[in-house]
Number of protein chains: 2
Amino acid sequence: MNPLPPNPTSSAAANAGGAAVGAGQAGASGASPTFSPLYQQIKALITQSLQTGEWKPGELIPSEVELANRFKVSQGTVRKAIDELAAENLVMRKQGKGTFVSTHHEARAHFRFLRLMPDEGVPHYPESKFIEVKRMRAPADVARLLDLKSGDAVIFIKRVQSFDGVPTIVEELWLPGMTFKGLTAERLEEYKGPMYGLFESEFGTRMIRATEKIRAVCAAEEDAALLRVAVATPLLASERVSFTYGDKPVELRRGLYSTEHHHYHNELN
Amino acid sequence: MNPLPPNPTSSAAANAGGAAVGAGQAGASGASPTFSPLYQQIKALITQSLQTGEWKPGELIPSEVELANRFKVSQGTVRKAIDELAAENLVMRKQGKGTFVSTHHEARAHFRFLRLMPDEGVPHYPESKFIEVKRMRAPADVARLLDLKSGDAVIFIKRVQSFDGVPTIVEELWLPGMTFKGLTAERLEEYKGPMYGLFESEFGTRMIRATEKIRAVCAAEEDAALLRVAVATPLLASERVSFTYGDKPVELRRGLYSTEHHHYHNELN
DNA sequence: AAGTGGTCTAGACCACTTT
DNA sequence: AAGTGGTCTAGACCACTTC
């Protein structure tokens with residue numbers, strides 16, 4: 001679209017040759033209502049290819065030189081676009097090898113969204129036990145957070161996670177039924193590794209960021225039993241909404257964390 | 001130091017003119033044990049000027065062109081150094097105006113380290129009531145976290161913070177006595193604004209990052225009274241260590257947060 | 001008009017990885 | 001040797017702010 005116009009408007013700087021990208025600028029002279037820098041346009045195009053699956057998680061994307069040729073911009077401009085994507089953890093650069101699409105199938109990815117750390121020793125990967133998996137209609141609060149209509153189909157999951165055999169997390173998840181059609185208890189149980197890896201590989205949905213709200217609560221009877229703690233033990237209550245491309249919410253997760261031997265870790269910059 | 005040598009080693013690339021910076025390279029030919037990129041060396045030099053107070057919080061630092069001339073490198077190299085400093089919140093760039101040293105005397109800085117948000121409405125700035133301010137000897141655990149020796153002089157502060165008149169946070173702070181010599185209850189009470197602003201202006205110590213550990217606990221009698229909640233109410237317990245330049249720990253803060261009307265907010269990327 | 005940071009280009013060489 | 005990302009330079013123009 002908009003291929004190689006004279007481009008008289010005040011947009012890209014020394015873009016002498018004329019560019020194959022020109023998303024932000026209307027054809028009219030003078031007025032440029034929605035201007036955005038070239039590298040942002042390139043970044044959007046690359047993100048689009050990530051979203052559509054042209055390059056899949058774990059795969060190598062084209063080199064900077066190749067992308068520069070494709071988009072008819074300089075390598076430096078592509079570099080700046082990829083720099084931002086790397087900062088957002090959408091891709092990973094490896095010197096000498098290339099740039100790879102990020103994936104949740106990695107040890108280091110496991111603790112990107114789970115900030116619960118053991119008080120002593122290195123973090124281990126938790127073991128999951130599923131309590132319940134069912135389809136249901138979204139309650140009003142769930143629907144609101146997932147950008148659905150009240151009563152829309154959702155998948156509900158309840159599970160307990162244990163570290164070294166010690167039950168530590170009990171959590172409930174709600175997923176949009178449309179996006180995760182065909183997700184069953186069997187597939188969850190037979191799948192080894194993080195749930196986000198399953199979502200990514202089997203349902204083409206990659207979580208790229210999340211917001212979390214945390215409070216302190218008292219353990220109710222049922223949760224206390226699952227975590228094997230006394231009733232009224234104080235627990236961390238986390239409500240997490242995860243987003244995929246386009247800031248679309250695709251998971252609501254409400255967890256109760258026992259902080260007997262673990263703590264929630266955060267870095268403030 | 002090391003001014004304008006022929007610089008035959010394999011360090012900076014097209015650094016044709018010879019550089020005024022050459023920190024990483026020993027004069028010997030061949031071996032370069034602790035090589036670091038030019039822009040990292042520039043970044044370190046700028047950080048040093050921030051630390052020594054050559055440019056004070058809130059002030060304008062020299063322009064990119066000026067710094068490029070001073071360090072005898074290109075503007076692009078200075079730019080990359082400043083880019084990283086801006087990403088770490090040590091400086092703030094403002095197009096057309098210049099680059100400013102970050103300061104805690106800003107509305108937006110107040111909630112950089114305090115992630116407790118009201119469930120409804122916009123965050124207000126809390127009111128402080130000091131319960132206790134005294135000098136003491138550092139207990140072993142405090143000394144360890146502040147990189148002091150057990151028994152070293154520390155300043156202890158206990159206070160309650162209220163939002164819109166509702167007591168919400170009770171916290172205890174420990175500060176190295178050497179760094180904050182002369183800090184008294186009077187100065188704390190007469191000072192309006194965030195404590196980090198006081199530390200920055202009066203003691204020349206700027207907090208630049210922090211790590212936080214959070215757990216859930218039950219309110220003990222004394223804390224319950226201060227927060228006006230029932231005994232055994234679940235509270236968030238935060239332990240925060242703040243660092244200044246050179247990753248030097250200079251504050252330990254243990255806080256109890258009531259999550260009746262507030263929650264701890266976090267963004268996961 | 002002059003100065004600042006922001007974007008873009010073109011070309012060079014370096015460090016690392018693979019062939 | 002060839003290809004990749006990483007660093008560095010030099011020069012241009014743009015958007016924004018101040019004089």
Side-chain angles (χ1 to χ4, degrees), chain A residues 7-22 24-25 30-43 59-69 71-87 91-100, chain B residues 7-22 24-25 30 32-43 46 59-69 71-87 91-100:
Chain A
N7 197 5
T9 55
S10 67
S11 63
N15 195 349
V21 274
Q25 297 81 339
S32 72
T34 55
F35 166 77
S36 87
L38 239 193
Y39 77 87
Q40 288 287 0
Q41 301 174 36
I42 303 299
K43 183 184 170 189
E59 286 180 7
L60 197 59
I61 77 171
S63 74
E64 294 178 355
V65 175
E66 212 168 323
L67 291 171
N69 291 336
F71 296 132
K72 297 282 180 289
V73 299
S74 78
Q75 184 183 353
T77 301
V78 170
R79 165 168 290 277
K80 179 142 188 177
I82 294 180
D83 276 346
E84 291 203 355
L85 293 172
V91 299
M92 281 181 47
R93 328 189 71 146
K94 291 186 186 173
Q95 190 179 62
K97 301 180 82 170
T99 301
F100 297 80
Chain B
N7 197 5
T9 53
S10 67
S11 64
N15 195 349
V21 274
Q25 296 82 339
S32 73
T34 54
F35 166 77
S36 85
L38 239 194
Y39 76 89
Q40 288 287 0
Q41 301 175 36
I42 303 299
K43 183 184 169 188
I46 296 175
E59 286 181 6
L60 195 59
I61 77 170
S63 74
E64 294 178 356
V65 175
E66 212 169 322
L67 290 171
N69 291 336
F71 297 132
K72 297 281 180 286
V73 299
S74 78
Q75 184 183 353
T77 300
V78 171
R79 164 166 292 276
K80 179 142 189 177
I82 294 181
D83 275 346
E84 291 203 353
L85 293 172
V91 299
M92 281 182 46
R93 327 189 70 147
K94 291 185 186 174
Q95 190 179 52
K97 301 179 80 168
T99 302
F100 296 80

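Lettering follows sequence order; numbering is per chain, from 1. All values below were derived from every heavy atom in this structure, side-chain atoms included, with hydrogens, water molecules and symmetry-related copies excluded.
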**Study point:** Contiguous Watson-Crick or G-U pair runs (3 or more, under 3.5 Å) in DNA chain D
**Key:**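 C:1-18 with D:1-18 - these are the stems of 3 or more pairs that involve DNA chain D.
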Measure [atom1]/[X] against [atom2]/[N] and give the value in whole Å, please.
X	N	atom1	atom2	value
A:Lys72	C:dC8	NZ	P	17 Å
B:Lys80	C:dC14	NZ	C1'	13 Å
A:Gln41	C:dC8	CD	C1'	12 Å
A:Leu60	C:dT17	CG	C1'	12 Å
B:Met92	D:dT17	CE	P	13 Å

Can you name the side-chain contact (heavy atoms from CB on, under 4.5 Å) partners of [X], sequence neighbours left out?
X	answer
A:Ala87	none
A:Asn69	A:Val65
B:Ser74	B:Thr77

Could you list the protein-to-nucleotides 3-5 of chain D atom pairs, N/O on both sides, closer than 3.5 Å?
residue, atom, partner, partner atom, Å
D:dG3, N2, A:Gly96, O, 3.0
D:dT4, OP1, A:Ser63, OG, 3.4
D:dT4, O2, A:Gly96, N, 3.3
D:dG5, OP1, A:Thr99, OG1, 3.4
D:dG5, OP2, A:Glu64, N, 2.9
D:dG5, N2, A:Gln95, NE2, 3.4

Could you check if a side-chain atom of [X] sits within less than 4.5 angstrom of a side-chain atom of [Y], using non-hydrogen atoms only?
X	Y	value
B:Ile42	B:Leu67	no
B:Thr99	B:Leu85	no
B:Phe71	B:Ile46	yes

**Study point:** Closest nucleotide among C:dT9, C:dT7, D:dC8 to the A:Tyr39 side chain
**Key:**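 Of the options given, the side chain of A:Tyr39 lies nearest C:dT7.
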Review point. Considering residues at least two apart in sequence or located in another chain, which fulfil the salt bridge (charged side-chain N to carboxylate O under 4.0 Å, His left out) criterion with A:Glu84?
Key: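 Applying salt bridge (charged side-chain N to carboxylate O under 4.0 Å, His left out) to A:Glu84 gives A:Lys43.
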**Study point:** Over all atoms of both residues, closest heavy-atom pair of A:Ile82 and A:Arg93
**Key:**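 The answer is CG2-CZ, 3.4 Å.
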